[in-house]
Amino acid sequence: MIEKLLTVKNRAGIHARPAAIIAQTANKFVSDISLIRDDVTVNAKSIMGVITMAAGYNTTLRIQADGPDEKDAVSSIEKLFESKFEEE
């Protein structure tokens with residue numbers, strides 16, 4: 001299992017569009033991928049789950065991936081956060 005901290009860098013936070021991008025990216029991988037905020041854990045492959053995290057600007061989330069392609073999964077999702085979901 002791999003775990004990493006990610007920070008929401010886009011000003012609008014994780015709304016519908018970034019949530020959809022996260023879920024679409026997560027669904028490309030076989031590994032189980034979760035996003036964790038405080039005591040809430042959601043499946044990163046679920047758009048609704050990701051939206052319900054209500055992660056605004058500068059929120060820190062933990063990503064966990066467990067499976068055969070866990071490194072690639074975490075790396076791909078980390079790149080989305082780094083690029084601010086191509087919004088800015």
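This structure is a prediction, so every number in the text was calculated from the model and none was measured. Residues take their numbers from the sequence shown, with the count starting at 1.
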**Prompt:** Roughly how far, to the nearest 0.5 Å, is CG of Asn43 from CG of Asn27?
**Reply:** 7.5 Å
**Fill in**
d(Thr60 OG1, Ile36 CD1) to nearest 0.5 Å is 13.0 Å
**Request:** Enumerate the residue pairs fulfilling salt bridge (charged side-chain N to carboxylate O under 4.0 Å, His left out) with a member in residues 14-25, sequence neighbours excluded, ordered by first and then second residue.
**Result:** Arg17-Glu87
Hey, is the main chain of [Y] close enough, under 3.5 Å, to the side chain of [X] for a donor-acceptor pair?
{"X": "Ser34", "Y": "Gln64", "answer": "no"}
{"X": "Asp66", "Y": "Asp32", "answer": "no"}
{"X": "Thr52", "Y": "Gly49", "answer": "yes"}
{"X": "Ser75", "Y": "Lys71", "answer": "no"}

**Prompt:** Only one of Lys4, Arg37, Glu3 forms a side chain to side chain contact (heavy atoms under 4.5 Å, CB included) with Arg62, so which one is it?
**Reply:** Glu3
**Fill in**
Under a side-chain separation threshold of 4.5 Å, the hydrophobic residues clustered together with Phe29 are Ile2, Leu6, Val8, Ile14, Ile21, Ile22, Ile33, Leu35, Val40, Val42, Val50, Met53, Leu61, Ile63, Val74, Ile77, Leu80, Phe81, Phe85
**Prompt:** How far apart are the closest heavy atoms of Ala26 and Lys45, and which atoms are they?
**Reply:** O-CE, 3.2 Å
